[in-house]
Amino acid sequence: MQYIPPNNLRGHDLAPLLAARGLDPDWIQLHNFDPHSPQNVARHTYSDIAALVPFHYRSAVPTLPELRQWVDGLVATAKEAQAERNSPIASVAHGPSLLLLGVTGVGKTYEAYGAMRELAVTGVRCWWQVTTAADLYAALRPRHGIDAEAEFRRYRDTPLLLVDDLGAEGKPSAFTEEVNFRLINHRYERHLPTLFTSNADAGQLRDRLGDRVTSRLREMCQRIAMKGNDRRRAA
Ligand SMILES: Nc1ncnc2c1ncn2[C@@H]1O[C@H](COP(=O)(O)OP(=O)(O)OP(=O)(O)O)[C@@H](O)[C@H]1O
Ligand SMILES: [Mg+2]
């Protein structure tokens with residue numbers, strides 16, 4: 001692992017995430033030149049995910065206990081695998097997925113990026129890809145000069161994936177159905193942890209995604225129904 005010097009975290013506020021884990025805000029800056037230290041792994045991981053977290057969510061901190069438990073579970077599994085393999089660092093490879101459901105503006109994307117940020121400061125290595133479902137379909141549409149299958153594999157095979165706004169587009173097309181099935185089936189079979197958000201309710205989700213996808217989502221995901229109103233109206 002490459003050594004990442006301190007003070008390279010692009011102005012993101014990490015103090016509340018570290019405090020929630022009982023760590024001092026300066027913990028992540030500990031400067032011991034050990035490339036495998038948890039602090040160096042956290043700096044490395046955070047600088048990777050900082051490029052993926054949209055500016056609006058750069059200070060998101062998860063508030064739902066289920067998200068904290070999910071992060072803790074991934075960390076524990078990664079550490080068990082590290083001990084079994086006797087490897088110098090722990091990295092997230094397997095685990096359960098989450099499906100955050102709730103109305104527009106309730107805070108699903110905020111919680112998802114909060115969880116991503118929190119996982120990044122645990123000292124466990126994680127590799128993410130993030131997309132909205134609509135952007136994913138757009139990126140995968142066959143077009144000249146683009147290897148859509150290579151692009152698909154980037155999302156399919158990433159250890160951790162956030163798919164925001166799944167099922168937002170109403171009636172699925174044959175193309176979106178195929179993408180959903182191939183992506184979700186692959187991640188289901190391999191227990192690859194995925195965060196899904198959707199503002200469809202449970203019945204709409206089945207109509208929009210079909211039986212085979214919703215059946216797999218039911219087994220692979222813990223469902224979290226977020227209660228509340230559109231926070232954007234209050235702003
Ligand atoms: N716990 C929170 N603390 C502070 N701000 C929050 C919190 N949760 C959400 N917000 C803010 O509320 C707004 C709506 O949140 P968010 O974008 O996560 O909603 P959403 O459920 O993803 O909505 P949509 O379904 O439209 O995508 C955002 O400005 C977000 O930053
Ligand atoms: Mg959202």
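Residue numbers run from 1 in the order of the sequence given. Start at 1 and go down the list; that is how both ligands and their atoms are numbered.
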Where the side chain of [X] meets the backbone of [Y], is there a donor-acceptor pair that is under 3.5 Å apart?
X: Asn40; Y: Gln2; value: yes
X: Arg43; Y: Ile28; value: yes
X: Arg117; Y: Ile49; value: no

If we only count N/O pairs under 3.5 Å, is Thr109 in contact with ligand 1?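 So ligand 1 has an N or O lying under 3.5 Å from an N or O of Thr109.
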
Provide, to 0.1 Å, the distance between [atom] and the closest protein heavy atom, together with that atom's residue and name.
atom: atom 13 (C) of ligand 1; value: Arg232 CG, 3.9 Å
atom: atom 25 (O) of ligand 1; value: Lys108 NZ, 2.7 Å
atom: atom 19 (O) of ligand 1; value: Gly107 N, 3.3 Å
atom: atom 31 (O) of ligand 1; value: His56 NE2, 3.1 Å
atom: atom 5 (N) of ligand 1; value: Tyr110 CE1, 3.7 Å
atom: atom 23 (O) of ligand 1; value: Gly105 N, 2.8 Å
atom: atom 9 (C) of ligand 1; value: Arg231 CD, 3.2 Å
atom: atom 17 (O) of ligand 1; value: Tyr57 OH, 2.5 Å

Relative to ligand 1, is [X] under 4.0 angstrom through side chain, backbone, both or neither, heavy atoms considered?
X: Met226; result: neither
X: Thr63; result: side chain
X: Asp165; result: side chain

Which atoms from ligand 1 have a heavy atom of Asn199 less than 4.0 Å away? 25 (O)

Using side chain to side chain contact (heavy atoms under 4.5 Å, CB included) as the criterion, point out the one residue from Thr45, Leu195, Asp48 that pairs with Trp128.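 Exactly one pass, corresponding to Leu195.
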
Check whether the side chains of Tyr113 and Arg58 place a donor and an acceptor atom closer than 3.5 Å, and report yes or no. no

Polar contact flag, side-chain donor to acceptor under 3.5 angstrom, Asp164-Thr197: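 Yes - a donor-acceptor pair under 3.5 Å links their side chains.
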
Under 6.0 Å between ring centres, would you say that holds for His44 and Tyr46?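 No, the ring of His44 stays outside the 6.0 Å limit from the ring of Tyr46, centre to centre.
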
Roughly how far, to the nearest 0.5 Å, is the CG atom of Leu101 from the NZ atom of Lys227? 9.5 Å

With a cut-off of 2.8 Å, does any N, O or S atom of Thr109 fall short of it relative to the Mg ion (ligand 2)?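 Within the cut-off used here (under 2.8 Å), Thr109 does place an N, O or S atom near the Mg ion (ligand 2).
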
State whether Glu149 and Arg182 are salt-bridged, where the test is any N-O pair (Lys NZ or Arg NE/NH1/NH2 against Asp/Glu carboxylate O) under 4.0 Å.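 Counted as a salt bridge, because a side-chain N and a carboxylate O are separated by less than 4.0 Å.
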
